[in-house]
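For this chain, numbers begin at 1 and follow the sequence in order.
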Amino acid sequence: MLVPGARTPRLVTREMLTLMRPASVIVDVAIDQGGCFETSRPTTHADPVFEVEGIMHYCVANMPGGVPATATRALTNATFPYVRALADQGVEAALASDAGVARGVNIRAGEITHQPVAEVYGYTAAVAA
């Protein structure tokens, strides 16, 4: 569960693991934001798994790093429309005309505009103009 700019909520407790079948595998795709399982800890591609309560955990930070060319293509395809809007229209016009671009702004004119990011640093977000 992605909460932009904030730590991921813990969705699975250690106790919940005991309800799973032994030798089950869980994959924490939110490990880069702190993990969504109480028992998660970051691992690497070189040493990707560990076991807790009989449940295998896969918590590789930067999972896309295992397939860098594919990950780069996917990221480029996902972000290119926003880059094009900024390039074609300029920042102000793109922010005004494209809600997706506007939602992606965390800092504007030196002010944090996204509340979860502000909270991480002990601030209150400025109202985005």
Value for CG (Leu19) from CD1 (Ile55), rounded to nearest 0.5 Å, stands at 9.5 Å
Tell me whether Val67 shares a hydrophobic cluster with Val29, the cluster being built from Ile, Leu, Val, Met, Phe, Trp, Tyr side chains joined at under 4.5 Å. no
Is there a side-chain contact between Ile26 and Met56, using heavy atoms and a 4.5 Å cut-off? no
Are the side chain of Asp32 and the backbone N or O of Asn62 linked by a donor-acceptor pair below 3.5 Å? yes
Heavy-atom pair with the smallest gap, counting every atom of Thr43 and Asp47: CB-O, 3.4 Å
Output for pair (Arg41 CZ, Ile31 CD1), nearest 0.5 Å, gives 9.5 Å
For Gly66 and His45, which heavy atoms make the closest approach, and how far apart are they? N-NE2, 3.4 Å
Evaluate the ring planes of His57 and Phe37, with Trp represented by its six-membered ring, and classify them as parallel (under 30°), tilted (30 to 60°) or perpendicular (over 60°). perpendicular
Scanning both residues in full, the closest heavy-atom pair of Cys59 with Ser40 reads SG-OG, 3.7 Å
d(Arg108 CZ, Asn106 CG) to nearest 0.5 Å is 13.0 Å
What are the two closest non-hydrogen atoms of Arg21 and Ser24, and how far apart are they? O-OG, 2.6 Å
Taking the side chain as every heavy atom from C-beta outward, state whether Val12 and Leu17 have any atom pair closer than 4.5 Å. yes
So how far is it from Thr70 OG1 to Leu75 CG, rounded to the nearest 0.5 Å? 12.5 Å
Donor-acceptor under 3.5 Å (Asp28 side chain, Cys36 main chain): yes
Nearest-0.5 Å distance, CZ of residue Arg84 to CD of residue Gln89: 11.0 Å
Cluster partners of Val105, using ILVMFWY side-chain heavy atoms under 4.5 angstrom, listed by chain and number? Tyr82, Leu86, Val91, Leu95, Val101
Flag, side chain of Glu53 to backbone of Thr18, donor-acceptor distance under 3.5 Å: no
